[in-house]
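Data first, discussion second: the structure below is written as structure tokens.
Both counts, for ligands and for their atoms, begin at 1 and track the order of listing. As a basis for the values below, the full set of heavy atoms in this structure was taken, side chains included, without hydrogen atoms, waters or symmetry mates. For reference, positions follow the sequence shown, starting with 1. Keep in mind that this is a model prediction, so the values were computed, not measured.
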Amino acid sequence: MSIHIDAVKGDIAETILLPGDPLRAKWIAETYLDNPVCFNTVRNMFGYTGTYNEKTISVMGTGMGIPSISIYANELITEFGVKNLIRVGSAGSYRKDVKVRDIVIAMSASSNSGINNLRFTGANYAPTASFNLFKKAIDAANTKKIVFKAGNVLSSDEFYADDFNSYKKWAEFGVLCVEMEAAGLYTVAAKHNANALAILTISDSLVTGEKTTSKERETTFKNMIEIALELA
Ligand SMILES: Nc1nc(Cl)c2ncn([C@@H]3O[C@H](CO)[C@@H](O)[C@H]3O)c2n1
């Protein structure tokens, strides 16, 4: 077992889906996996392993923010041998052409987090998706005729920005949406030679103010989850 995950090596599949919310991990396991077995309840950060189309796959919550997902990604890779880490989560649109309910596949993840500034002493590291997972996700979306956008996203350390209009600068330079974890996941995976990808569903828009209801979030998440499950 590791400090934050009460499992033994072999309990967790090489490929894992990582929603921020542990209750969404429970919903994914109960909705999509055959014979899901819970492998973690420490801090109620539920994790499950089961099969999908006869392939073994795991799903576990990560919490919100780069520090939290970095803890779980580190331990999943270094203690349990996980090789493919796929974040599935919600994001806020920064651009008119990115609509609520759209799917965004993150090629890269900018950040305002201090962690990489410290790590690279102020130089600009570029957290980047693993090409193979990225290509498989694009192919799966095209096969399923799911419309998606792909590009740069922002992993912000704050949900409530002091200056609401700060998103406009990011949008001006092509950032599609904002969430709070992808840059941390991509950096930790690269550090430990693992593969990572973030697939996001736009749940709200800073441009129009539109928000999805919690019921809509559940149904619109299906497309994102079904793409991610094809990566097992
Ligand atoms: N900063 C931020 N802003 C907006 Cl508009 C978001 N929409 C969804 N999220 C995601 O949902 C959680 C916050 O509700 C975080 O895990 C984050 O990744 C957002 N995070």
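Residues Glu210 and Arg101 are paired through a salt bridge, judged by an N-O separation under 4.0 Å between the basic side chain and the carboxylate.
Ring orientation note: the planes of Tyr94 and Tyr167 are tilted relative to one another, at an angle of 30° to 60°.
Using a heavy-atom distance under 4.0 Å as the criterion, the protein contacts of ligand 1 are Met64, Arg87, Ser90, Ala91, Gly92, Glu158, Phe159, Val178, Glu179, Met180, Glu181, Ser203, Asp204, Leu206.
Rounding to the nearest 0.5 Å places CD of Glu230 at 9.0 Å from NZ of Lys136. To the nearest 0.5 Å, the span separating CG on Leu154 from CH2 on Trp170 amounts to 5.0 Å. Atom CZ in Phe159 sits 8.5 Å away from atom CE in Met64 (nearest 0.5 Å).
Counting only residues at least two apart or in different chains, side-chain hydrogen bond (donor to acceptor under 3.5 Å, both in side chains) contacts with residues 171-197 comprise Asn74-His192, Asn84-Asn195, Arg87-Glu179, Arg87-Glu181, Asn116-Thr187, Ser155-Glu179.
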